[in-house]
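Input: a single structure, listed below in structure tokens.
Start at 1 with the first residue, then count along the sequence. Given the structure is predicted, the values throughout are model-derived calculations rather than measurements. Computed from heavy atoms alone, side chains included, the values below leave out hydrogens, waters and symmetry copies.
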Amino acid sequence: MKKLFFFLACLVALTITSCKPDPLPDDPTPDDPTTDTVEPVVPTIAKGVFVINEGNFTYANSTLTFYDPEMDTVANNLFYRANGAPIGDVGQSLTLIDGKLYIVVNASNYIYKVDANTIKCDLTQPYMIADFVQPRYMLPIAPNKAYVSDLASTELFIINPQDMTHTGSIHMGKSTETMVQVGQEVYVTNWSKVYIPDMVNNTVQVVDANNDVKVADITVGKEPNSMVVDKNGQVWVLCEGAMWDLEPGKPELWKIDPMTKQATLMVTFTETTLNLAIDPSGSYLYYVRGGDWVNGGDVHRVSIDTPTEEDSFVIPSEGRMFYKVFVNPNNGDIYLSDAKTYVQNGTVYRYSSDGVLLKSFDAGICPGFMLFN
């Protein structure tokens with residue numbers, strides 16, 4: 001979810017309109033009694049992209065979309081069609097392990113383990129441990145081990161994705177958000193202190209994945225929201241800047257050398273920055289820059305060799321509310337989600353690596369995390 005502020009923005013917007021957002025055309029919804037006998041509408045899961053549509057905070061209207069770029073087909077509301085029930089409150093992220101799709105549901109505090117081909121799952125057993133507060137992202141470490149970050153806990157959770165059991169925790173002392181792995185180490189952003197006010201939210205922590213212990217705290221800019229690893233094994237960190245804090249920082253781009261655990265400030269931005277992505281070669285960084293809660297920012301691309309605030313590659317928002325940017329690791333296509341008003345169904349745009357618009361498709365409310373299969 002685009003952080004707590006978007007949760008509140010969506011909730012305020014819903015109060016003003018005094019109604020639920022309209023469903024996608026021809027899509028069954030939990031409120032439609034005629035959908036009990038609807039057969040699952042499931043695409044052939046070959047090469048494509050899953051999109052988790054976050055929905056509105058407290059409305060439990062998150063949905064799942066699958067897009068096949070080769071056939072140019074899209075299937076919406078897949079989870080409900082396959083299982084006869086909604087995903088829950090705020091679908092946050094997706095992970096694919098051995099043909100199983102794991103859906104982390106933030107505000108509902110559980111993880112669904114779904115068959116990636118049929119989209120079926122056991123609705124009676126969403127994975128929930130007592131210590132989950134606001135689970136966010138899941139990173140597979142080994143066949144029987146994965147880490148789960150949490151926005152409102154100081155623990156990084158360890159689970160077994162095979163039998164969905166809680167096998168341990170790593171004390172981080174801070175809330176945890178996005179994760180990337182470099183060798184046998186996992187880098188974890190400490191993004192938000194909304195639920196843990198006394199924490200410092202300008203660090204990236206490092207975990208030894210062999211021994212499941214924290215081994216380093218690395219200082220970066222305020223509110224590190226996303227990370228990628230480049231072709232040289234360097235970790236890039238995008239920081240929002242916490243511009244609403246009493247002591248705000250600035251949006252910044254940092255680079256961490258995993259060998260020395262030293263962080264270097266690469267670029268300071270004059271506008272808000274969101275959602276870092278990288279191309280398949282590991283040479284170019286993408287991010288959304290500029291805009292605010294009402295006006296969308298543009299998508300920029302910079303080289304890892306010469307990152308600067310000004311660059312020659314820009315996909316302008318042109319009135320669209322660009323929310324997330326992801327890059328297909330197989331061919332470099334750029335996928336941009338347009339959240340529009342955050343209370344109506346969004347759109348995903350597919351561009352070539354040269355910035356040429358190829359296609360667009362309808363998605364659900366607030367299309368967020370994307371997973372390429």
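With no hydrogens or angles considered, no side-chain donor-acceptor pair links Tyr147 and Gln181 at under 3.5 Å. Asp354 and Ser352 form no side-chain donor-acceptor contact under 3.5 Å, judged by distance and modelled atom types alone. Under 3.5 Å, the side chains of Lys231 and Ser281 contain no donor-acceptor pair of N or O atoms. Counted by atom type alone, Thr178 and Thr189 present one or more donor-acceptor pairs between their side chains at under 3.5 Å.
Here Leu371 contributes atom CG and Phe66 contributes atom CZ; the two are 9.5 Å apart, rounded to the nearest 0.5 Å. Ile103 contributes atom CD1, which lies 12.5 Å from atom CD of Gln92 (distance to the nearest 0.5 angstrom). Taking CZ from Arg289 and OG1 from Thr272, the interatomic distance works out to 9.5 Å, rounded to the nearest 0.5 Å. Interatomic distance, Phe79 CZ to Lys120 NZ, rounded to the nearest 0.5 Å: 10.0 Å. In this structure, CD in Glu240 is found 10.0 Å from CG in Asn275, a value given to the nearest 0.5 Å. Between Ser62 atom OG and Glu54 atom CD the span is 7.5 Å, to the nearest 0.5 Å.
Legend: residues meeting side-chain hydrogen bond (donor to acceptor under 3.5 Å, both in side chains) with Asn53, ordered by chain and number and at least two apart, are Thr63, Thr65. For Lys359, the salt bridge (charged side-chain N to carboxylate O under 4.0 Å, His left out) test picks out Asp72, with sequence neighbours left out. Asp257 meets the salt bridge (charged side-chain N to carboxylate O under 4.0 Å, His left out) test with no other residue; sequence neighbours excluded. Scored by the salt bridge (charged side-chain N to carboxylate O under 4.0 Å, His left out) test, Lys100 finds Asp115 as partners (sequence neighbours excluded). For Ser149, the side-chain contact (heavy atoms from CB on, under 4.5 Å) partners at least two apart in sequence or on another chain are Arg136, Tyr137, Leu156, Thr176, Met179. Contacts of Asn190 classified as side-chain hydrogen bond (donor to acceptor under 3.5 Å, both in side chains), with partners at least two apart in sequence or in another chain: Thr203, Gln205. Residues forming a side-chain contact (heavy atoms from CB on, under 4.5 Å) with Glu318 (at least two apart in sequence, or on another chain): Pro316, Arg320. Partners of Phe361 according to the ring-ring contact (aromatic ring centres under 6.0 Å, His included) rule, which considers only residues two or more places apart in sequence or in another chain, are Tyr67. Partners of Asp217 by salt bridge (charged side-chain N to carboxylate O under 4.0 Å, His left out), not counting sequence neighbours, listed by chain and number: Lys214. Remark: Glu309 pairs with Thr270 by the side-chain hydrogen bond (donor to acceptor under 3.5 Å, both in side chains) rule, at least two apart or across chains. Every residue two or more places apart in sequence or in another chain that forms a side-chain hydrogen bond (donor to acceptor under 3.5 Å, both in side chains) with Asp333 is listed here: Asn331, Arg350.
Side chains of Gln134 and Ser175 form no contact here, defined as non-hydrogen atoms less than 4.5 Å apart. Two residues are said to be in side-chain contact when any heavy atoms from C-beta on lie closer than 4.5 Å; Trp236 and Tyr287 fail this criterion. Looking at Thr273 and Leu253, their side chains never come closer than 4.5 Å, going by heavy atoms from C-beta outward. At a threshold of 4.5 Å between non-hydrogen side-chain atoms, the residues Asn201 and Ser192 do not count as touching. The closest side-chain heavy-atom distance from Ile97 to Met138 is below 4.5 Å. Under the 4.5 Å side-chain criterion, counting only non-hydrogen atoms from C-beta, Glu177 is not in contact with Asn225. A heavy-atom distance below 4.5 Å is found between the side chains of Leu151 and Trp191. Between Ile158 and Ile170, the closest side-chain pair of non-hydrogen atoms falls below 4.5 Å.
Using a distance-only test at 3.5 Å, with no hydrogens or angles considered, no donor-acceptor pair links the side chain of Asn328 to the main chain of Tyr335. Judged purely by atom type and a 3.5 angstrom limit, Ser108 has no side-chain atom pairing as donor or acceptor with the backbone of Tyr110. At distances below 3.5 Å, not a single donor-acceptor pair connects side-chain atoms of Asp150 with backbone N or O atoms of Phe157. Proximity of a side-chain donor or acceptor of Ser337 to a complementary backbone N or O of Lys324 within less than 3.5 Å is detected. Between the side chain of Asn56 and the backbone N or O of Tyr59, no donor-acceptor pair lies under 3.5 Å. A distance-only check finds no donor-acceptor pair linking the side chain of Asp338 to the backbone of Tyr349 [under 3.5 Å].
Scanning both residues, Ala60 and Pro86, for their nearest heavy atoms gives O-CB, 3.7 Å. Nearest approach of Leu96 to Ala116, heavy atoms of both residues: CD1-CB, 3.8 Å. Shortest non-hydrogen contact noted between Pro280 and Val327 is CD-CG1, 4.0 Å. When all heavy atoms are compared, the tightest approach of Gly168 to His166 is O-NE2, 2.9 Å. Nearest heavy-atom pair, Ala263 versus Thr219, reported as atom, atom and distance to 0.1 Å: CB-O, 3.6 Å. Minimum heavy-atom separation, Ala339 to Tyr323: CB-CB, 3.9 Å.
Taking the six-membered ring where the residue is Trp, the centroids of Tyr286 and Tyr351 are separated by 6.0 Å or more. Aromatic ring centres of Tyr284 and Phe313: separated by at least 6.0 Å.
Cluster membership check: Val74 shares its hydrophobic cluster with Ile87, using side-chain heavy-atom separations under 4.5 Å among Ile, Leu, Val, Met, Phe, Trp and Tyr.
Lys255 has no carboxylate O lying under 4.0 Å from a charged side-chain N of Asp230, or vice versa, which leaves the two without a salt bridge.
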- request: May I have the step-by-step check of side chain to side chain contact (heavy atoms under 4.5 Å, CB included) for Leu64 and Leu101, ending in yes or no?
  value: CA-CA 11 Å; Leu64 182 66; Leu101 183 67; 4.0 Å; yes

- prompt: How far apart are the C-alpha atoms of Val348 and Met370, what are their side-chain angles, what is the distance that settles it, and do they pass the side chain to side chain contact (heavy atoms under 4.5 Å, CB included) test?
  reply: CA-CA 10 Å; Val348 176; Met370 302 183 202; 4.0 Å; yes

- prompt: Can you check side chain to side chain contact (heavy atoms under 4.5 Å, CB included) on Glu155 and His171, steps first, answer last?
  reply: CA-CA 5 Å; Glu155 304 297 310; His171 184 66; 2.6 Å; yes

From CA spacing to verdict: side chain to side chain contact (heavy atoms under 4.5 Å, CB included), Ile111, Lys113: CA-CA 7 Å; Ile111 301 173; Lys113 182 178 180 179; 6.0 Å; no

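Other residues, nucleotides and ligands contribute more than 12 heavy atoms inside 6.0 Å of the NZ atom of Lys145.
Through direct or indirect side-chain contacts shorter than 4.5 Å among Ile, Leu, Val, Met, Phe, Trp and Tyr, Val220 is connected to Val180, Val182, Tyr187, Val204, Val206, Val213, Val215, Ile218, Met227, Val229, Val235, Val237, Trp254, Ile256, Leu265.
In summary, of the residues considered (Leu336, Val288, Asp298), a side-chain contact (heavy atoms from CB on, under 4.5 Å) with Ile315 occurs for Leu336 alone.
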